[in-house]
Amino acid sequence: MSIVVKYQVAIGAVFIWIGFIGAISFMEAWLKFRAPGVTLPLGLGIGRLVFGMLHKVELIISIVIIISIIYAGLNSSILIYLPFLFAFSIVLIQGFWLLPVLDTRADMLIQGQEVPPSNLHFVFVGAEVIKTVCLLFFGINLLKVPK
């Protein structure tokens with residue numbers, strides 16, 4: 001028995017996106033600082049580069065998902081798309097506000113400047129967790145849509 005799903009490309013893209021977040025946000029981000037010889041400025045420089053690229057990949061995956069859903073045909077219930085819309089909103093907030101602020105702080109630390117304490121990294125981690133949960137619900141919901 002084979003299962004045929006309506007949103008094959010979108011489903012694949014969603015779970016690849018979850019894999020990117022898991023590998024980068026939940027593993028690479030903190031593990032790099034445990035590697036021998038990685039200083040704070042070096043780790044921050046790597047982080048800026050990696051998270052900047054992750055953001056671009058997330059935007060591309062979002063576009064692929066949107067095109068795939070439009071091509072496959074919108075479901076009658078908008079509720080199925082709400083988790084994706086929430087995750088996509090987080091990506092936009094991260095790109096237009098949170099990542100630039102964190103990049104500025106990282107630049108200051110790399111240059112040896114004093115940076116006041118901040119909870120922005122916790123905000124970023126929280127956003128990554130919420131985004132991942134939203135994508136997981138969205139992917140599972142897409143699997144349930146009949147062809």
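Heads up: numbering here begins at 1 and tracks the sequence. For clarity, every value in this text was computed on a predicted model and none was experimentally measured.
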Count the heavy atoms of every other residue, nucleotide or ligand shown that sit under 6.0 Å from CE of Met108, and state whether that count exceeds 12.
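More than 12 heavy atoms, drawn from other residues, nucleotides or ligands, come within 6.0 Å of this atom.
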
Could you tell me whether Phe33 atom CZ has more than 12 heavy atoms of other residues or ligands within 6.0 Å of it?
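Result for CZ/Phe33: enclosed.
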
Check [X] against [Y] and note the closest heavy-atom contact, atom names and distance.
| X | Y | result |
| --- | --- | --- |
| Val64 | Ala13 | CG1-CB, 4.3 Å |
| Leu54 | Ser25 | CD2-OG, 3.9 Å |
| Ser68 | Val9 | OG-CB, 3.5 Å |
| Ala23 | Met27 | O-CB, 3.2 Å |
| Cys134 | Ala87 | CB-CB, 4.1 Å |

Could you check whether any side-chain heavy atom of [X] comes within less than 4.5 Å of a side-chain heavy atom of [Y], counting everything from C-beta outward?
| X | Y | answer |
| --- | --- | --- |
| Asp107 | Arg48 | yes |
| Tyr7 | Ile65 | no |
| Phe26 | Thr132 | yes |
| Trp17 | Val91 | yes |

Atom [atom1] of [X] and atom [atom2] of [Y]: how far apart are they, to the nearest 0.5 Å?
| X | Y | atom1 | atom2 | answer |
| --- | --- | --- | --- | --- |
| Leu143 | Lys6 | CG | NZ | 14.0 Å |
| Thr104 | Leu109 | OG1 | CG | 11.0 Å |
| Glu58 | Lys131 | CD | NZ | 3.5 Å |
| Gln111 | Leu44 | CD | CG | 11.5 Å |

By the rule that ILVMFWY residues connect when side-chain heavy atoms come within less than 4.5 angstrom, directly or transitively, which residues belong alongside Ile90?
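Result for Ile90 is Phe86, Ile130.
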
Report the residues that fulfil side chain to side chain contact (heavy atoms under 4.5 Å, CB included) with Ser118, sequence neighbours left out, ordered by chain and then residue number.
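Ser118 satisfies side chain to side chain contact (heavy atoms under 4.5 Å, CB included) with Arg105, Leu120 only.
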
Working note: Ile80 + Lys144, criterion side-chain contact (heavy atoms from CB on, under 4.5 Å); need CA distance, chi angles, decisive distance, verdict.
CA-CA 10 Å; Ile80 194 170; Lys144 295 177 182 177; over 6 Å; no

Hey, mind stepping through Ile61 and Phe20 against side-chain contact (heavy atoms from CB on, under 4.5 Å) and telling me if it holds?
CA-CA 11 Å; Ile61 291 174; Phe20 268 98; 4.3 Å; yes

Taking [Y] as the starting point, is it possible to reach [X] by hopping between hydrophobic residues whose side chains are less than 4.5 Å apart?
| X | Y | value |
| --- | --- | --- |
| Trp30 | Leu49 | no |
| Tyr71 | Val145 | no |
| Leu102 | Ile110 | no |
| Val115 | Leu99 | no |
| Leu31 | Ile24 | no |

With sequence neighbours left out, which residue pairs that include part of residues 98-143 fulfil the ring pair (Phe, Tyr, Trp, His ring centres under 6.0 Å) condition?
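The answer is Phe51-Phe124, Phe84-Phe138.
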
If the test is side-chain contact (heavy atoms from CB on, under 4.5 Å), which one of Leu135, Leu136, Leu142 qualifies with Phe15?
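Exactly one candidate clears the test, Leu136.
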
If we check side-chain contact (heavy atoms from CB on, under 4.5 Å) with Tyr81, which of these qualifies: Ile69, Ile66, Asn141?
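When side-chain contact (heavy atoms from CB on, under 4.5 Å) is applied between Tyr81 and each of Ile69, Ile66, Asn141, only Ile69 qualifies.
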
